[in-house]
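As structure tokens, the structure follows; a few thoughts come after it.
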Amino acid sequence: MKRLQSLFYSRDTITVTRELLGKILVREIEGEKISGRIIETEAYTGPGDPASHAFRGPTPRSRIMFGPPGIAYVYFCYGVHHLLNVVTEKDGTAGAVLLRGLEPLEGLDRMMKNRSRKTENGLLDGPGKLTQALEITLSLNGDNLTKGKELYIIEGGTKPGEQIITAPRVGIKDGTDKLWRFRLRPI
DNA sequence: ACAGCGATTGACT
DNA sequence: GTCAATCGCTGTA
């Protein structure tokens, strides 16, 4: 399958957020392949989006959102979880897509072990859960998804009958007026 | 230099 | 439904 290239990510953040639904996130580690189908995403832009880390301009943490597209932006949240984003827009413009949910494809056993689960229930249905399952930590922050060997996204589409649900983003104080959360099929 | 708090999760009542 | 965990980033001084 074809890996998504820089031109895919280099577009309007909302468009990329919507079009990442159905694509396949792949993690390669220790010769094993772990992957899942992206089913939930959220958009975060720059100045103008009070919920975004980039709202007040570049900081040591958020400057990566202002950089070139197709780069992983991983950050540590609540002192507990790693959250994975993909940088969008052309170099110099801030934007990123938060990956919030996957459907398991490959490496189910390893994902369940990583999550201490015996079934696939609750395995990948949250931004902190999918990073734990795919062993994504700060070491992947700044990784180029269009070139790296450890983490990348490949082509994939929606299934017949699947529809996209639009909703307000969750877990934020400001910016809840925007419908920038996207999900495949009803919960 | 430091206090406050967060793009969450899981355990518990 | 409620709440603690846990730490690095950020704004303010």
Side-chain angles (χ1 to χ4, degrees), chain A residues 9 12-21 23 25 27 34 36-67 69-89 93-104 108 110-143 145 151 153 164-184 187:
Chain A
Y9 302 108
D12 168 74
T13 302
I14 311 303
T15 302
V16 178
T17 304
R18 190 182 272 275
E19 292 191 11
L20 274 175
L21 294 174
K23 304 292 190 287
L25 177 67
R27 169 78 166 119
I34 312 173
R37 187 166 169 267
I38 299 169
I39 58 169
E40 186 177 342
T41 55
E42 279 181 0
Y44 288 88
T45 61
D49 179 7
S52 173
H53 288 166
F55 180 54
R56 296 169 197 278
T59 65
R61 181 176 67 170
S62 72
R63 77 180 189 287
I64 193 166
M65 287 182 67
F66 291 80
I71 305 295
Y73 169 39
V74 183
Y75 75 95
F76 193 47
C77 187
Y78 293 109
V80 182
H81 305 287
H82 296 279
L83 274 60
L84 172 65
N85 301 257
V86 184
V87 176
T88 58
E89 308 275 357
T93 301
V97 180
L98 171 68
L99 301 189
R100 294 191 55 91
L102 305 175
E103 264 176 14
L108 190 60
R110 183 152 181 159
M111 286 194 273
M112 291 193 296
K113 186 183 172 191
N114 290 341
R115 295 266 305 124
S116 305
R117 290 294 134 99
K118 293 193 179 75
T119 70
E120 55 182 84
N121 284 99
L123 198 62
L124 300 168
D125 58 342
K129 296 181 184 181
L130 69 90
T131 56
Q132 185 182 32
L134 271 63
E135 302 175 50
I136 293 165
T137 65
L138 286 177
S139 69
L140 287 170
N141 187 35
D143 207 55
L145 300 182
L151 188 67
I153 299 175
I164 296 175
I165 309 296
T166 303
R169 294 172 294 177
V170 295
I172 54 173
K173 280 180 166 173
D174 302 315
T176 52
D177 55 315
K178 298 176 174 66
L179 301 177
W180 285 357
R181 183 184 183 198
F182 302 97
R183 195 191 155 86
L184 285 180
I187 296 177

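Every chain is numbered from 1, with letters handed out A, B, ... down the list of sequences.
Among residues two or more places apart in sequence or in another chain, the side chain to side chain donor-acceptor pair (under 3.5 Å) test is passed with A:Arg27 by none. For the side chain to side chain donor-acceptor pair (under 3.5 Å) test, no residue two or more places apart in sequence or in another chain qualifies with A:Asp174. Every residue two or more places apart in sequence or in another chain that forms a side-chain contact (heavy atoms from CB on, under 4.5 Å) with A:Ala43 is listed here: A:Thr13, A:Ile14, A:Thr17, A:Trp180. Partners of A:Arg18 by side chain to side chain donor-acceptor pair (under 3.5 Å), not counting sequence neighbours: none found. In this structure, A:Tyr9 has no side chain to side chain donor-acceptor pair (under 3.5 Å) partners at least two apart in sequence or on a different chain.
Taking a cutoff of 4.0 Å between a charged side-chain nitrogen and a carboxylate oxygen, A:Glu42 and A:Arg169 do not qualify as a salt bridge.
Counting only residues at least two apart or in different chains, salt bridge (charged side-chain N to carboxylate O under 4.0 Å, His left out) contacts with residues 72-88 of chain A are absent. Counting only residues at least two apart or on different chains, the salt bridge (charged side-chain N to carboxylate O under 4.0 Å, His left out) pairs with a member in residues 125-140 of chain A are A:Arg110-A:Glu135, A:Asp125-A:Lys129.
Across all strands, A:Leu98 comes closer than 4.0 Å to base atoms (heavy-atom distances).
Once you apply a 4.0 Å limit to the heavy atoms of chain A, the touched nucleotides of DNA chain C run 5' to 3' over C:dA5 to C:dG11. Running 5' to 3' along DNA chain B, contacts with non-hydrogen atoms of chain A at under 4.0 Å begin and end at B:dG6 to B:dG10.
One P atom belongs to C:dG11, the other to B:dA7, and the distance between them is 13 Å to the nearest Å.
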ask   = So what is the 5' to 3' dot-bracket string for DNA chain B, if pairs are Watson-Crick or G-U wobble with both distances under 3.5 Å, crossing pairs use [ ] and | means the partner sits on another strand?
value = ||||||.|||||.
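Only A:Tyr75, A:Tyr78, A:Gly79, A:His81, listed by number, bring a heavy atom of residues 69-81 of chain A to less than 4.0 angstrom from any atom of DNA chain B. Across residues 48-63 of chain A, A:Ala51, A:His53 each have a non-hydrogen atom less than 4.0 Å from an atom of DNA chain B (numbered order).
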